[in-house]
Engineer: 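Here it is: the structure, laid out below.
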There are 2 protein chains.
Amino acid sequence: MIPYAYLVDDDDAIRDSLGWLLESRGVACRGFGSAEEFLATWNDTLTGCLLLDIRMDGMSGPELFDILNERGNKLPVIFLTGHGDVPMAVSALKKGAFDFVEKPCNDNELANRVIEALRLNENQRLAASGADSLKTLIDTLTTREKQVMERVLSGKLNKVIAEELLISMRTVEVHRANLFDKMGVRTAVELAQLLAGKSGK
Amino acid sequence: MIPYAYLVDDDDAIRDSLGWLLESRGVACRGFGSAEEFLATWNDTLTGCLLLDIRMDGMSGPELFDILNERGNKLPVIFLTGHGDVPMAVSALKKGAFDFVEKPCNDNELANRVIEALRLNENQRLAASGADSLKTLIDTLTTREKQVMERVLSGKLNKVIAEELLISMRTVEVHRANLFDKMGVRTAVELAQLLAGKSGK
DNA sequence: GGCACCATTGTGGAAATCCGTAATGTTCGA
DNA sequence: TCGAACATTACGGATTTCCACAATGGTGCC
């Protein structure tokens, strides 16, 4: 999925001029004439950033923003507004908007913000992919292996784990060795480091 | 150090009315007539929150904010402004301000924001104290113990650690046992969990 | 000098881990 | 129904950790 700048504005002229501006800076764009239209297209695999007009016929920019947030949107959102409205800007930024820009604005500056937003999104995706591959790795573990791993991470001895799971120590050793192998670690400490901060479930 | 709401505004009347409002809600306040005056008082042990006027004689609110940020200020900052200025609000919030409020505003609302800010500051201090006590704990380790700990956390065997540090395995065992004792853990895995996410240096 | 703290090492045994080889039973999908 | 994957266990030895007891030498402070 290629990163796009998604432009949501009910003013065709603005979408066109913004699109032209961004394309000239090497940013691929897609325009939407209403919040509803974008919402129908949106899914959580989109990458890039979102430029959102405040005032639109039908659903407003902030309303769309709230809905997208609920649905787990990860695209950075830049709000565009024609009339200075401090409370709205404050509210949007506190809810996690990437930026809030007044129209008309310095075109060059806006393009820079968009590029910043794209870069942020890319970095976040890179960071998430690490967590994801780890999760995928954990998914390859069998039920027993996960149970053993959980207890190993609690610092329990094999003997204790065996008692808890009502199986022999040897079996615990086997599961332990297998899961270490699958996780690509040699020791329990390495495993703990690998999962540092994660739930480990 | 008791949490205060530090009011910085060059308008005596506003300081007084704000102070009265907040005191009536149980918030202790201290007023300052200029950014310079507050800056002279500020130190990194202050707790509470900061209400900062944008326009002031001498140093402006945003200027003071920048300086405090450089100096490691952890107080949540609420900006107060008389004239709606979206770019300034955006800039302040992106720099980490807690809130940005237009005057005149709903007194009750402002007091709520202040109380939120105080609560945030308290939570942050609680979270930091955990990290601090951990750091204090690590400081009680001797040089050798830290060296051993570092290697234990890399999942190295005592034998390998002994070779690296050019000492006997027995000595490593002693250091290991001592540092486990000081850190209050029974196993290497517990130690790794304790330091999850920290540098461990 | 005496004392506390640190670093160092040894002996030796109990306990735990690590691991190859081998085997049995279950489950689930082709 | 056959086979792959999983769970289980045993034997036995190599390696490692854990620990009590014991000792030596250096540094820094009162």
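In this text the structure is predicted, and so the values were computed from the model without any measurement. Letters A, B, ... are given to chains in the order of the sequence lines, protein chains preceding strands, and every chain is numbered from 1.
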Engineer: Given D/dT16, D/dT8, C/dT9, which nucleotide is nearest the side-chain atoms of A/Ile167?
Structural biologist: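 Within the option list, the nearest is D/dT8.
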Engineer: Can you tell me which nucleotide in D/dT9, D/dT17, C/dA7 comes closest to the side chain of B/Asn158?
Structural biologist: D/dT17
Engineer: Of the candidate nucleotides D/dC19, D/dT9, C/dA7, which contains the atom at the shortest distance from the side chain of B/Thr143?
Structural biologist: C/dA7
Engineer: Among D/dT9, C/dT17, C/dC18, which nucleotide has an atom closest to any side-chain atom of A/Arg176?
Structural biologist: C/dC18
Engineer: Write down the atom of A/Val86, the atom of B/Asp85, and the distance for their closest heavy-atom approach.
Structural biologist: CG2-N, 3.4 Å
Engineer: Report the nucleotide, chosen from C/dA7, D/dT16, C/dA16, that has the shortest atom-to-atom distance to any side-chain atom of B/Thr142.
Structural biologist: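 Nearest listed nucleotide: C/dA7.
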Engineer: Would you say NZ of B/Lys159 has more than 12 non-hydrogen atoms from neighbouring residues, nucleotides or ligands within 6.0 angstrom?
Structural biologist: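 Count not over threshold, so no.
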Engineer: Could you tell me the separation between the CE atom of A/Met169 and the C1' atom of D/dT8, rounded to a whole number of Å?
Structural biologist: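 Nearest whole value for this atom pair: 15 Å.
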Engineer: Can you tell me which nucleotide in C/dG10, C/dT17, D/dA7 comes closest to the side chain of A/His175?
Structural biologist: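 Ranking C/dG10, C/dT17, D/dA7 by closest atom to the A/His175 side chain puts D/dA7 first.
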Engineer: To the nearest Å, how far apart are A/Ile161 CD1 and D/dT9 C1'?
Structural biologist: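 About 17 Å, once rounded to whole Å.
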Engineer: Distance criterion of 3.5 Å, no angle test: do you see the side chain of B/Arg170 paired donor-to-acceptor with the base of C/dT8?
Structural biologist: no
Engineer: Does atom CZ of B/Arg186 have more than 12 heavy-atom neighbours from other groups under 6.0 Å away?
Structural biologist: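 Counting other residues, nucleotides and ligands, CZ of B/Arg186 stays at 12 neighbours or fewer.
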Engineer: Going by an N to O cut-off under 4.0 Å, is there a salt bridge joining B/Glu150 and B/Lys146?
Structural biologist: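 The answer is no: the pair does not qualify as a salt bridge.
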Engineer: Within this structure, what is the CD-to-P distance between A/Glu173 and D/dC6, rounded to whole angstrom?
Structural biologist: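 Atom CD in A/Glu173 sits about 20 Å away from atom P in D/dC6.
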Engineer: Output the rounded distance in Å from CZ (A/Arg144) to P (C/dT27).
Structural biologist: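 Going from A/Arg144 (CZ) to C/dT27 (P), I get 14 Å.
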Engineer: Please give, in whole Å, the distance from D/dC19 C1' to B/Asn178 CG?
Structural biologist: 12 Å
Engineer: Measure from NZ on A/Lys159 to P on D/dT17 and round the result to the nearest Å.
Structural biologist: 18 Å
Engineer: Identify which nucleotide among D/dT9, C/dC6, C/dT9 has an atom closest to any side-chain atom of B/Thr171, counting heavy atoms from C-beta outward.
Structural biologist: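 Nucleotide nearest to B/Thr171's side chain: C/dT9.
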